[in-house]
S.K.: 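Handing you this structure, nothing more for now.
Computed from heavy atoms alone, side chains included, the values below leave out hydrogens, waters and symmetry copies. Keep in mind that this is a model prediction, so the values were computed, not measured. Numbered from 1 within each chain, the chains take letters A, B, ... in sequence-line order.
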Amino acid sequence: MNKVLVIGASSAQAQATARLFAAEGSRLFLAGRDQQKLDDVAADLKARGAAQVESLTLDLNDFSRHQELIAAADAALEGLEGALIAHGSLGDQAAGQADYAVAQGELTTNLLSPISLLTILANLLEPRGGGCLAVISSVAGDRGRQSNYIYGTAKGGLSVFLSGLRNRLHRAGVRVVTIKPGFVDSPMTAHFKKGLLWAKPEAVAKKIHCAMLKGKDVVYAPAFWRLIMFIIKALPEPIFKRLNL
Amino acid sequence: MEAYQSWGRYTRASHEVVRPFWRPRSLDLSGLPATALPYGAGRSYGDVCLNHGGGLIDCRGLDRFLGFDRHQGVLACEAGATLAEILGLAVPGGWFLPVTPGTSLITLGGAIANDVHGKNHHRAGAFGRHVRRLELLRSDGARLICSPSRNPELFAATVGGMGLTGLITWAEIQLKPLSSPELTVETIKFHGLEEFEELSRQSDQHWEYTVAWLDALSRQNPRRGLFMRAKHMPGPSERPQADARPRALLSAPFDWPGWALNAWTLRAFNLLYYHRQRPRLKKTVQPFAGFLYPLDAIDQWSRIYGRKGMMQFQCVVPFGQSEALRAMLDLIARSGTGSFLAVIKAFGDTPSPGLISFPRPGITFALDFAFKGPKTLALFKELIAVTRAAEGALYPAKDACMGADDFQAFYPNWPELAKHVDPRFSSSFWRRVTQGQREFLP
């Protein structure tokens, strides 16, 4: 896979993954909100060996530009083969509880925007009969917890959407990869205190890169989260509701 | 407040920390206390990377390349990239670091700020010589390109300037062509400093890298040691290319108990190390990482010195002052507190563009010590006095201990650096050696 669209390219995990593609001499198209950040990332990827790096600056919550983005990437890469959707926001749970407008904003960024992009991408790749769509969801979507259930709702909805999309596109040979990172030490989580469960974006990127090449279905990153979430999902609700999670 | 330490781990300093993930276009110190200091990989041993009670700018998030000219070997990258990351890009392209210290796990910014040197100092000089230009952000809002020809005074102050002249955001360095990532290595047993100096003289012309290990614990005279000289193999290797950093094979994820390293275990180690080869001269071929970065294979190795941490003594004394080195070795052997093997190397006479630069013609000598409180400090005081009498100098990147008068004797042009220090920047080291403030040790 050497023609890859990276959406939310200035996120730590997307950047680290794009570096792995760059080292293989891939052609990359970056999308993000901040021109200067995209320029910095593009220069880095070129130095690391990417054969081509182009970018488009846009607000990914501006749904009216999604068609334009994917058409531009497809044209620049002369037929995109893979896409990584990595944009997202980790909103303030308390603010979302207090004010639905905040919650709606979270759901727009983390759920509806990826769904809109995936709809266009799926309809582009399905008739071509190949390609890979990788999307960063989260372990937070596996079960609702009081500390971040609005973010969790968006990611949980996204995981369900991806499961359905995978089912639909399987016949066409288009692979859909759901990535569920745990705690990742990145600018998005800079204000958290880090502990043993935290992973570096580079470690998550290796899993993403490998999953995109091999076409895995659902990837937990790091892998131990599969076990943790298995246990968390298995807890009966009468017990779970009493926990301080 | 987060725990940012130096490699010696002998103290817990406290800082307010900002962690930029994007290269700032101007310096914003709001949110930090009165003073700030850039922090890289935290691999300096003492307090040059600490700013107790003040602010730190953690630069590890700035690790992007700006450009790599594969034909000319010119690489520009952000200051928080490590030398290992640079090697990861350079080596497959047929290029190598012009100068590298004994670890690849330091940042580019740290390499410049401490004007680091390596086993090829006799041929290549210090790191600063290979910096083509750098960008410096100052607290007055200035964003400056500094090079030997542009803002040359600020450039000279920044090379070896210990991070005090402002924030280096990126730098452009000249790499050297690499014939092979593998090295031909010769290891030669020697006895005494005269033999070491003779081997250095013989080898420095034809060998890219030279260094020696000396058994500083043995009371035997003349002292035994191993002299190592190496150069890159002439042709491309047939073996698959080695990684810049051998994957950390071992790790010291916790502090070892204080008694683990004692006079007996260390003597035994040194004895075994010396006798690992039988013949006087042994020839081998090694991947560069094994020769240049032996300790990078052990993650967090300074933890083996235990909870109290460790200190390193590194000085240089001019050629012809080997009496001083002998006196220091006697002091250390008598104290029985030194550890493992002492490293010695003859520096060349290539000058650095840096105003404050440690390497100078002479013999440098480095040795680790488990920190044992007043006993260790008393020994260091004696060693520093001998260094001063011999008109040598101590290496700020390793030092936790020298006084203001010592520093000012070793670096007589420090007032020049002081003129260029950014008014919002300071460090625990700088306050110690200019104002005599001791923030960590008695």
S.K.: Should we count NZ of A/Lys194 as having more than 12 external heavy atoms under 6.0 Å?
M.R.: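 Check passes, neighbour count above 12.
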S.K.: Given 3.5 Å as the limit, does a donor-acceptor pair link the side chain of B/Arg64 with the main chain of A/Ala42, or not?
M.R.: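 No, because the side chain of B/Arg64 does not come within donor-acceptor range (under 3.5 Å) of the backbone of A/Ala42.
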S.K.: At a heavy-atom separation under 4.5 Å, does B/Leu66 approach chain A through its side chain, its backbone, both, or neither?
M.R.: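 B/Leu66 touches chain A through backbone heavy atoms alone.
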S.K.: Mark yes when over 12 heavy atoms from residues, nucleotides or ligands other than B/Arg60 sit less than 6.0 Å from its CZ; otherwise mark no.
M.R.: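 Atom CZ in B/Arg60 is packed in, count exceeds 12.
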S.K.: Please classify the contact of A/Ser10 with chain B as side chain, backbone, both or neither, using a heavy-atom distance under 4.5 Å.
M.R.: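 Interface part for A/Ser10: both.
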S.K.: So for atom CZ, which belongs to B/Arg150, do other residues, nucleotides or ligands contribute more than 12 heavy atoms lying within a distance under 6.0 Å?
M.R.: no
S.K.: Is the CZ atom of A/Phe230 crowded by more than 12 outside heavy atoms at less than 6.0 Å?
M.R.: no
S.K.: Based on non-hydrogen pairs under 4.5 Å, which of A/Asp39, A/Asp34, A/Asp185, A/Leu45 is most in contact with chain B?
M.R.: A/Asp185
S.K.: For B/Phe21 and A/Pro187, work out which heavy atoms get closest and say how close.
M.R.: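 Smallest heavy-atom distance, with atoms named: CG-CG, 3.2 Å.
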S.K.: Working to the nearest 0.5 angstrom, can you tell me the gap between B/Phe65 CZ and A/Arg19 CZ?
M.R.: 7.5 Å
S.K.: Could B/Arg23 and A/Asp44 be called an ion pair, given the rule that one side-chain N must be under 4.0 Å from one carboxylate O?
M.R.: no
S.K.: From B/Asp63 CG over to A/Gln15 CD, what is the distance, rounded to the nearest 0.5 angstrom?
M.R.: 7.5 Å
S.K.: Any chance NZ of A/Lys206 has more than 12 other-residue heavy atoms, nucleotides or ligands included, within less than 6.0 Å?
M.R.: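 Counting neighbours around NZ of A/Lys206, 12 or fewer heavy atoms of other residues, nucleotides or ligands fall under 6.0 Å, so no.
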